[in-house]
Each structure stands twice: as C-alpha cells, then as structure tokens.
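Below is one structure, written out as structure tokens; comments come after it.
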Amino acid sequence: MSQQASIDRQEYNITAYTENQVGLLNRIAIIFSRRKINIESLNVSPSEIEGIHRFNIVINETEEVVGKLARQIEKQIEVLKVYYNTNADVIWQEMALYKVPTDVIAEKAIVERLLRENGARAVVIRKDYTVFETTGHREETDNLIRVLQPYGLIEFVRSARIAIIKASDGFNSKLREFERREPSTEPAENEYLNSRDKVFTM
Amino acid sequence: MLTNEQSAQTLPELAAPAVQPETETMTGAVATLQALLAEGVDTIFGYPGGAIIPIYDALYDFKEQLNHVLVRHEQGGIHAAQGYARSSGKVGVVFATSGPGATNLVTGLADALIDSTPLVCITGQVFAHLLGTDAFQETDIINITTPITKWNYQVTNAEEIPEALAKAFYIARSGRPGPVLIDITKNAQQQKHDFAPYVPCTHIRSYRPVPIVRPEYIREAAALINQAKRPFVLWGQGVILGKAEQEFKAFIEKSGIPAAWTILGAGALPTDHPLNVGMLGMHGNYGPNVLTNECDVLIAIGMRFDDRVTGRLDKYAKQAKVIHLDIDPTEIDKNVATTVPVWGDCKETLPLLTALVEAKLHPEWHERFRVHMEQEVDAVIREELFPTSEEMTMGEVIQQLNELTEGEAVIVTDVGQHQMVACRYAKLNKTRSNITSGGLGTMGFALPAAIGAKFGTPHRPVVAIIGDGGVQMTIQELGTIMQTGVDVKIIILNNRFLGMVRQWQELFNDRRYSFVDIQSPDYVTVASGYGISGKRVEARAELKQSLHQMLEHPGSFLLEIMVSKENNIFPMVPQGCSVAEIRLR
Ligand SMILES: Cc1ncc(C[n+]2csc(CCOP(=O)(O)OP(=O)(O)O)c2C)c(N)n1
C-alpha cells in the first residue's frame, strides 16, 4: 500500500438495500474478504419496507476502493441499491449496554451522577445487577466503560453502527415506489450517470 | 388432470368457468425437467448419483425430448456445457449429484463466471432434514460456489422449483451472462406438488441487467471520435454475447477505425476484414500493442481490460481519451479510467454511435499498423508459419489447417503455447468460432468444450487444439466421444513439455526447467482403445495430408503432431512491462 493510499483512507459508511434472502450476507461479506478488507462494523436489519433489509457496513478505505466495492455489491442480483458516505455525511450511532452491581450504585452516589452525566439510562434493575444503556459515538460509549470499570463493571456489549445519510432524499420514497410498481420491467434510475462522482447507482 | 374439453363435458350445466390456470400434479423431479423443456433446453451434460437419482429417474421418460450426454467427469460435463453455450449462444445445462459431483463443477463455474458464459447447473443435495449433519455426500455447495456464480439458490421444497429455475435461466442469459447453480434437496425432487403452468421470468425487481442508455454520453463519445486523429477500437466478447457483430461491423466500417481483439472477442469480425488489425495482449500482435500507447482515442467495446491485455496499467494508454462501452457497470473505471462511459448493451449503443460518427478512412494511421505488421512478419510470423527449420512449428499446423478449413471451423483451444498460437493464427470467418478458456486459463478445457461445441453447432466442423499437458487433464472424455459418437477432431500439439511454463522458465528463470518435462502415453493407442481413429505425425511431409485425412474422416479423429520442443511464443509483453515494451524476440 502506498503512503498516499494510507493518507486517503478514512471510515466509509456503506448502505445497501437488499432482498431478505438466505445467503446474501455471505455474498456481500466475501466481496470484502476476497480483497482482504476488514469490515469494522456490520448491521443488517429490516428496513421500513417489509421484505427489504438494510445493511450498514463500515470500512476503512480510500474512496476509489469504496466506490468499486459499492458497485460490486450493487451488482449482486438481490441488492436493490447501494450508497457510500464518509462519517461527515452521515448521522451515526452505536448503542451500548453496561451491567453493573446494583449495591455499588445504591451505595455510591457518585456512580449515579456519572451515569447521568454520560446520558445512561437504566433498562433493567434487579437486586444483584442493573443494566444501563447509552447510545452515541464510539468515544462516548468507550468513555463510560472507563468510568464504570472501577465500580465493578460485570459485562459490556456494543451494537454495530447504524447511520442515516444527511444529504440524501432518503430511499423511503423509492422503496415505496418499488413496492407500488412491482412487477415493473423498467430499469429504475441511473443517478450515477447524472453525477458520477457523488452518487453511486447503476 | 382434466383438459378443458373434459371439464366442459362433465359439467355441462355450469356457465363457462373463468379461465383458471390449470395445475398439474407431479414430482419436483418432473417439474424440473418440464421447466427445462419450457426454457427450450435440448441438451444436458451430466453424471448421476444418489442425491440426484429422482431427477435421473424422471429423465428416463424424457429421453425423446432431452438429449442427456453422459460425461466421464463432472468437470468435463461443465466444460462441455460451456462449449455448447459458447458455440450456440444458448444456455448450457449441467446435472451433477451432491458432494463430489457438485465440487467437481467448481473449476468450470469459475471459468464460466470470468468468461461470462450462461450456464444453469443443477445439483442434487441430501434430504433437507439432513442439511448440516455431515450426511453422506453432503457438501455446502451453495457457500462453496457463491463467489463463482452469478447467482445460486438451494431448493428444499418442490413448490419452489419452477420459480427457481425460471429465475436461474433469466439470470444466466440476461445482462452480462454467467453461471447459475440450483441445488435441489432429494426430498424436493421426490415430493409431489400441484404445479401451476410454467411462467418464464422476465424481471427481478432488484436486478437491472441492462443499464439505461444515456444519449449525452453517446453524443460525447461521437464528438471525441470525430475529433480523433488516431482512434483505436478494442473489442471483446461483449460484441458476441450481445449478438452485435453486424452493428459492430457497421460502426467500424463507417468510422474507418482500426480494430483489435481480445482472445474472447476473436471472430466477431472475420480475420480477413481490412479493419481487423489483430490480437491484443501479452502474445498479441505487435502493432495493436505498441499503438495502444500512441492512439489519441481508445474505444473499448465489450471488453474488460484484463491484465493479460493491458500489461502494466500505470503505463497503459495514458495519452488517450478512453471511451468504454460495456453492459456491466462494475467494469467501467475498474482498471482503466474512462473519459466517456457508454453503459448499455452494445447492440443498442453501437447503432446510436454509428449514426453520429463521421465517415472516415484514417489512411496514415492504418499505415502505422501495416508497417508494424510487416516488422512482425519479418521477425516472427514468416518463420512460424512457413518454417525453414527441420522441426515442425505449432504455427505451420494452424496455417495448414486454415488452408483446409478455409476458416469455417470452430476452433476450441486448451491453455498454453498452442492456445496463443491458435488464437494468433487461426482464420475465423464466422462469429462463435473461437472457444477458449480466457480469464481462468483452465488446462483441460478443450477436449470437453469441443464435445459441447459440436452438440451446440452440429453442422460446423469442430477442431480441438490441445497441448500434451492439458489433454492429459481431461483425457477421460474420449469415453464421452466414444459413447455419443460425436464428431470432434482432436489435434494434440506435442512439444513434450508444459510449454508455456517452460518458456517462462527459459526467459525469466535462467532455464531452470523445474517439472515441466512431461511424458505422454501413446495417444493413438489410447484413442484406439476408445474406438477413435488416430494418427501420429512426425514429419512435415505428412502434415497436410494427415490434416486432410482427419478432416475428411467420418467421425472423431485424433491427430498427434510432434512439434519443436523449445519454441517460444513471440511477440511477448513480459509481465510487469507496458504494452509498448512488447518484445519481438
Ligand atoms: C489447471 C491448470 N493447471 C496449471 C496451469 C498452468 N499452466 C499454464 S500453461 C501450462 C503448460 C501447458 O502445457 P501444454 O498443455 O503441454 O501446452 P503447451 O504450452 O506446451 O502448448 C501450465 C502448466 C493451468 N493454466 N491450468
């Protein structure tokens, strides 16, 4: 890898809308592994339209590589649409859960204050432990680990990243359109050719 | 099942019923074969086994409609289906059982994907309830083949079969074609179901096989071409896959642009066409390689800038504006940055472009190609085709063959030196006449692919040209020839070496010939064991007459030709060098 390439690398958020199909996760995952690219974070969940799933994939790469990967993903038969964005172009969040002994919280008022300062919210309170939840960027959820560590943090888990694209008009209307027109034989759109370097689509 | 007439008779008092699609009860296995018939399949290449027995059982009753070719190895089966698809333009169909039957398809799938060959492979699978239990002959063929199929799908319920196969055929043949694998569990083959009439697939909402043509890019491309002083066309298999040979010819004839081909594009324009300036790539012609780095506008049509074509990318056509016509958006800007991307089916885009380009001749530019060709003839070609040395060359065999077939044969080649010689020198009058493993370079491809090619185009002579290494990889398919009686002419160019590897070792590894010295059986005896006539040619004096005998022989014939041991293929763009650094010797 050249030095320039390492400088140009940054986190990219790839958003893919797909059919809900067995095996598709593998088909998409091997597009990365074949090129020895590590997936930093992966979230797959149902979109607002039944039967259509949304992938959020985070990788560290140059724009050139990300653009090519996005096209390779969109080429898969069951993929409807792919976008890619830098962190600056998206609003993103990760959710974290922290399990802490309940007696510590009860005894030490400072802990409760720290939790409040970090925007944590109790989800389950039991006699033996309490589970708190926060959402935020990596540094924020990391920070609370550090804060809770001295007070007997029992277990921690963080979700994959989910991201909403700032500039885009969203895919909601297009998804609804897909649903309404089905089956349609018309190719849907060709935005990539309108602004080749900004939007990705075929 | 009731026919319309019967139902009208038995229910006379009822008003004519609303037209209901009639269902028919049958097993999944029969539904599979019905789907193949509905898709126009006439030939299947396959090999049975436990997990696909129900389909084979059903096939017993379809012998009249479906010609099943029993191969000797599933790899042979899939290469035969590739040969069939490439010679006929239809989808090749393969049957294999689960486990080892299915894994034997892997090389062919990888080959078909990289060479864009439409195939539907149907594999048997263990019963659905046994999936994941390491059952006898259970292999996770879906996950094994995910990176080497355009699409694959596992059917576990008979009900899914028609739709899965309809999608399979549609995906395999539409857009940029490719191989599809459908894995059918044994219970789904056996299960009875009430099937509605077969409906072919014409649309999948998440799949857009052909991008929309953008008129502005056609206009931009035409403007670039019209301003160009030294335009150069590179064409690939996309012209053949798009059935756009006529449109392509019309485009270059009007624009007067010299055109060179990738080995998969060979034959889309006849070898003798005055605007055909030759072959691209590592062992391509001298002019097309050198002048790639001197043209001002490079027009790539249905080709993907493979590294064997481009050589060193950062020194490839940097001076040129690049117009790229391709149906597959992932190919645009993948290896070579384009100035104008003309996305779409070239059958659609080429006529639009032709309408806008000015009629030109470019005589001075053509002269450059002619001068380079003269140099190449002096340095390489004359001695290769009309050798003064005692030993026979591969080139003279092809030259003599050209004289006898007059360019009418389908030439199927394996991989190695003989492949490069055959591609460089074979005369091709017609499209779909050059069948070779391009992207994957699969030794062992030619013999089974030639069998399939003959089934795909029974009225054309099919000549396989194979090295003494490659032929030993799939030689068992002589059994398929024996049993089917298919008429394939087999030429083994025996240099007693794994020639292409030996050439690299000679040129780049100080002649350290490491395990390239390969022995052969007595091929003529082997062939006769299979009831196939054959002959060994050791002297030039017998060459022409022997080729003639082979071509005139009723039925298959094997001709082993002893050629020079240590001949090298030139010109050559050494790996890591630019196309302009092509060596003539
Ligand atoms: C399956 C496979 N294994 C290995 C290779 C590497 N390889 C490329 S050309 C070649 C030599 C082929 O020898 P032969 O068939 O005798 O043909 P020749 O080059 O002598 O014409 C080899 C080993 C290959 N292409 N395919």
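Just so it is clear: chains get the letters A, B, ... in the order the sequence lines come, proteins before strands, and each one is counted from 1. Keep in mind that this is a model prediction, so the values were computed, not measured.
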- request: Say whether B:W151 and A:E78, considering side chains only, have a donor N or O and an acceptor N or O under 3.5 Å apart.
  value: yes
query: Can you tell me if B:R208 uses its side chain to pair, donor with acceptor, with the backbone of A:L80 under 3.5 Å?
result: yes
Heavy-atom neighbours of [X] [atom1] exceed 12 at 6.0 Å:
X	atom1	answer
B:K347	NZ	yes
B:L352	CG	yes
B:D134	CG	no
A:E64	CD	no
A:E112	CD	no

field: Side chains of B:T330 and A:K68 in contact at under 4.5 Å (non-hydrogen atoms)
entry: no
query: Hey, does A:I52 have a side-chain heavy atom less than 4.5 Å from the side chain of B:R205?
result: yes
- request: Give the C-alpha distance, both sets of side-chain angles, the deciding distance and a yes or no for side chain to side chain contact (heavy atoms under 4.5 Å, CB included) between B:R176 and A:K75.
  value: CA-CA 10 Å; B:R176 180 175 178 176; A:K75 180 171 167 174; 4.0 Å; yes
Please round to the nearest 0.5 Å and tell me the distance separating atom [atom1] of [X] and atom [atom2] of [Y].
X	Y	atom1	atom2	result
A:Q76	B:S206	CD	OG	10.5 Å
A:N26	B:T146	CG	OG1	5.0 Å
B:Y153	A:I77	OH	CD1	14.5 Å

Residue part contacting chain A, namely of [X], when any heavy atom lies under 4.5 Å:
X	value
B:N152	both
B:I142	neither
B:T149	both

field: Which portion of A:Q21 sits near chain B, non-hydrogen atoms under 4.5 angstrom
entry: side chain
task: Can you tell which part of A:I30 gets under 4.5 Å to a heavy atom of chain B, answering side chain, backbone, both or neither?
output: side chain
- request: Using the side chain to side chain contact (heavy atoms under 4.5 Å, CB included) rule, take B:I204 and A:E19 through it: C-alpha gap first, then chi angles, then the decisive distance, then the call.
  value: CA-CA 11 Å; B:I204 296 170; A:E19 300 289 353; 5.9 Å; no
query: After noting the C-alpha distance and the side-chain angles of A:R27 and B:N143, does the key distance pass the side chain to side chain contact (heavy atoms under 4.5 Å, CB included) rule?
result: CA-CA 9 Å; A:R27 227 175 227 289; B:N143 278 309; over 6 Å; no
